[in-house]
Number of protein chains: 2
Amino acid sequence: MPDKTEKSGKQQVADERPVRRQARGERRIAQLLDAAASVFCTTGYTAASTNAIAREAGVSPGTLYQFFPNKEAIAIELGSRLMHRMRETYGEALAPPDPATPLEEAVTAAVDRFIDFNCRNPVFFALMHGPDIPGRMAEEHDALHATLITRVETLLTPFVPGMPAAEVHRVAQVCVGIYKAGLELVLAHEGAEREAYVQELKNVLVRYLGALVVD
Amino acid sequence: MPDKTEKSGKQQVADERPVRRQARGERRIAQLLDAAASVFCTTGYTAASTNAIAREAGVSPGTLYQFFPNKEAIAIELGSRLMHRMRETYGEALAPPDPATPLEEAVTAAVDRFIDFNCRNPVFFALMHGPDIPGRMAEEHDALHATLITRVETLLTPFVPGMPAAEVHRVAQVCVGIYKAGLELVLAHEGAEREAYVQELKNVLVRYLGALVVD
DNA sequence: GGCAAACACGAGAGATCGCTCGCGTTTCAC
DNA sequence: GTGAAACGCGAGCGATCTCTCGTGTTTGCC
């Protein structure tokens, strides 16, 4: 196997060749991404084999590599489409900069949206939660996390006007951490129990942030 | 490689042969477990190779398999020793069933102890946090988690006398989830920043539980 | 000292995985 | 219709990993 870095450096130029996809190809790509999502959900990223993904999609390994240069690219593309879907589903509606909104309402709305998205797309959690993400996936992961933190910071700022930036950053980190932990519990349960955990997650956040606001 | 289940079934009888360890052997085992802890910390369980563990310990792969039947057994034994050390370090001091203790004090004490232990033994977090734990490791993991939940439940009960058991269980799950999330943030920082995250973790728990107590 | 068992080595067997390659099939622009 | 390119296949290459085995060394007991 040749040097990876040189290869990726080459790609920036060589991959500019217009690989004109046919409708069939687009269908295969969607099929493969669906299969990958399914396999990633059940086994995680590293344990998922490209042969298993191809089998799940009902195609040969060779066909898989017709559309993706390597295993990582599958996860990258999947993550990218997931991010895109997330943006277009919830758009900028996440950050209503209206300081008149009560804290509890803002938290409830944000949590409900995110939980809903994660329940509909469980692979999102599988890709984000794995500590087994290699190379470029980690960058993608960090970028998303940073974006999320920033979003929470701006959401938070109007509620805590006097707080230093470093502290706001810390609070945002804690909030996201709490959300992730809550999400794990929510995804692990169903029906009424799941709803109860959602409510509990909201309680944690509201009480934590509420104490900061009235200070 | 023969059938694993048959092999393990055989082991229950065949492994009763007393493999009399020499002092040298005990030393090697400790050496190998230390090396395994180091490798698991940096690469995680699945990505850690037995050859890498042996190399880190300065012995040959064959020597490693003189003391452990397989890779999983290394993690099992490591986890077992970690659990034992945790018990003997903090013992039953975790559950002071004195209802006179204020909530904040109880939370602070419990969090400080656990954080301290996890900072001294980072491999504990590495083994618990990985979603990449196979076979018998998962059982061990679940058993530990269940123990932890039960412990928190008993710690919690005196503070919320009228609460139904199912709800106490849910609250305990949420508390452990919050703790894990907080631990991740704590381990990711150092010095004053780390202390700040510890304090923030305590705040979250105290405010969340405080609201339940006064209800 | 002698002997059996525990310890140590390291090459490599056996399995898996990511990925390639040669060749055949389908699609599409002209 | 025809040629080029996209699509599709699956055996298998090379790398890696877990674990074994034959052989030699050290230890502890008599």
Side-chain angles (χ1 to χ4, degrees), chain A residues 1-4 7-8 11 14-15 17-32 35-36 39-40 43-76 132-137, chain B residues 1-4 6-8 10-11 14-15 17-32 35-36 39-40 43-76 132-137:
Chain A
M1 193 181 300
D3 183 15
K4 283 269 186 182
K7 180 187 166 195
S8 65
Q11 277 181 337
D15 273 11
R17 53 170 175 173
V19 218
R20 300 187 342 203
R21 299 254 96 102
Q22 301 177 356
R24 186 173 35 147
E26 297 290 351
R27 252 182 285 129
R28 277 275 179 261
I29 290 179
Q31 220 173 98
L32 284 163
V39 176
F40 288 159
T43 68
Y45 172 76
T46 40
S49 83
T50 54
N51 284 9
I53 294 174
R55 202 181 318 119
E56 174 83 15
V59 302
S60 84
T63 298
L64 186 152
Y65 283 92
Q66 180 100 156
F67 302 102
F68 299 99
N70 51 52
K71 178 178 167 183
E72 196 174 17
I74 304 173
I76 299 276
D132 54 351
I133 38 178
R136 243 180 65 75
M137 275 289 291
Chain B
M1 191 182 303
D3 183 16
K4 283 268 186 183
E6 183 190 344
K7 180 185 166 194
S8 66
K10 238 180 182 178
Q11 275 181 336
D15 274 11
R17 53 170 175 171
V19 217
R20 299 183 347 198
R21 299 255 96 102
Q22 302 179 354
R24 185 171 39 147
E26 297 289 351
R27 252 181 286 129
R28 278 273 179 262
I29 290 179
Q31 221 173 96
L32 284 163
V39 176
F40 287 160
T43 68
Y45 173 75
T46 39
S49 86
T50 54
N51 283 8
I53 294 173
R55 201 181 318 120
E56 175 82 15
V59 302
S60 83
T63 298
L64 186 150
Y65 282 92
Q66 179 98 160
F67 300 102
F68 299 99
N70 51 51
K71 178 178 166 182
E72 195 175 18
I74 303 173
I76 299 277
D132 54 352
I133 38 177
R136 243 180 65 74
M137 275 289 291

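Order of the sequence lines sets the chain letters (A, B, ...), proteins ahead of strands, with each chain counted from 1. Predicted model, so just to flag it, every value in this text is computed and none were measured.
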[atom1] of [X] versus [atom2] of [N]: gap in Å, rounded?
X	N	atom1	atom2	value
A/Lys71	C/dG18	NZ	P	4 Å
A/Gln66	C/dC21	CD	P	13 Å
B/Phe68	C/dA8	CZ	P	12 Å
B/Asn70	C/dA15	CG	P	17 Å
A/Leu32	D/dC7	CG	C1'	12 Å
B/Leu64	C/dA8	CG	P	11 Å

Atom pair [atom1] ([X]) and [atom2] ([Y]), whose distance is rounded to the nearest 0.5 Å:
X	Y	atom1	atom2	result
B/Leu64	B/Arg28	CG	CZ	11.0 Å
A/Glu56	A/Asn51	CD	CG	13.0 Å
A/Tyr45	A/Glu72	OH	CD	5.0 Å

For [X] and [Y], which heavy atoms make the closest approach, and how far apart are they?
X	Y	value
B/Arg136	B/Ile76	NH2-CG2, 3.8 Å
B/Ala48	B/Val39	CB-CG1, 3.5 Å
B/Thr50	B/Lys71	CG2-CB, 3.7 Å
A/Ala57	A/Gln31	O-OE1, 3.0 Å

### Query
Can you list, by residue number, the residues of residues 46-55 of chain A that have a non-hydrogen atom closer than 4.0 angstrom to DNA chain C?
A/Ala48, A/Ser49, A/Thr50, A/Asn51

### Under 4.0 angstrom between A/Tyr65 side-chain N/O and C/dT20 OP1 or OP2
no

#### Entry: Of residues 20-27 of chain A, the positions that come close to DNA chain D - non-hydrogen atoms, cut-off under 4.0 Å
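Close to the strand are A/Arg20, A/Arg21, A/Gln22, A/Arg24, A/Gly25.
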
### Task
Side-chain contact test, heavy atoms from C-beta onward, threshold under 4.5 Å: evaluate it for A/Ile74 versus A/Leu32 and give yes or no.
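They are not in contact (no side-chain heavy atoms under 4.5 Å apart), so the answer is no.
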
### Query
Would a 4.5 Å heavy-atom cut-off, applied to side chains only, mark B/Arg21 and B/Ile29 as touching?
yes

### Task
Return the 5'-most residue of the pair B/Gly62, A/Thr63 with respect to DNA chain D, ranking by each residue's nearest nucleotide.
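Final value for this comparison: A/Thr63.
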
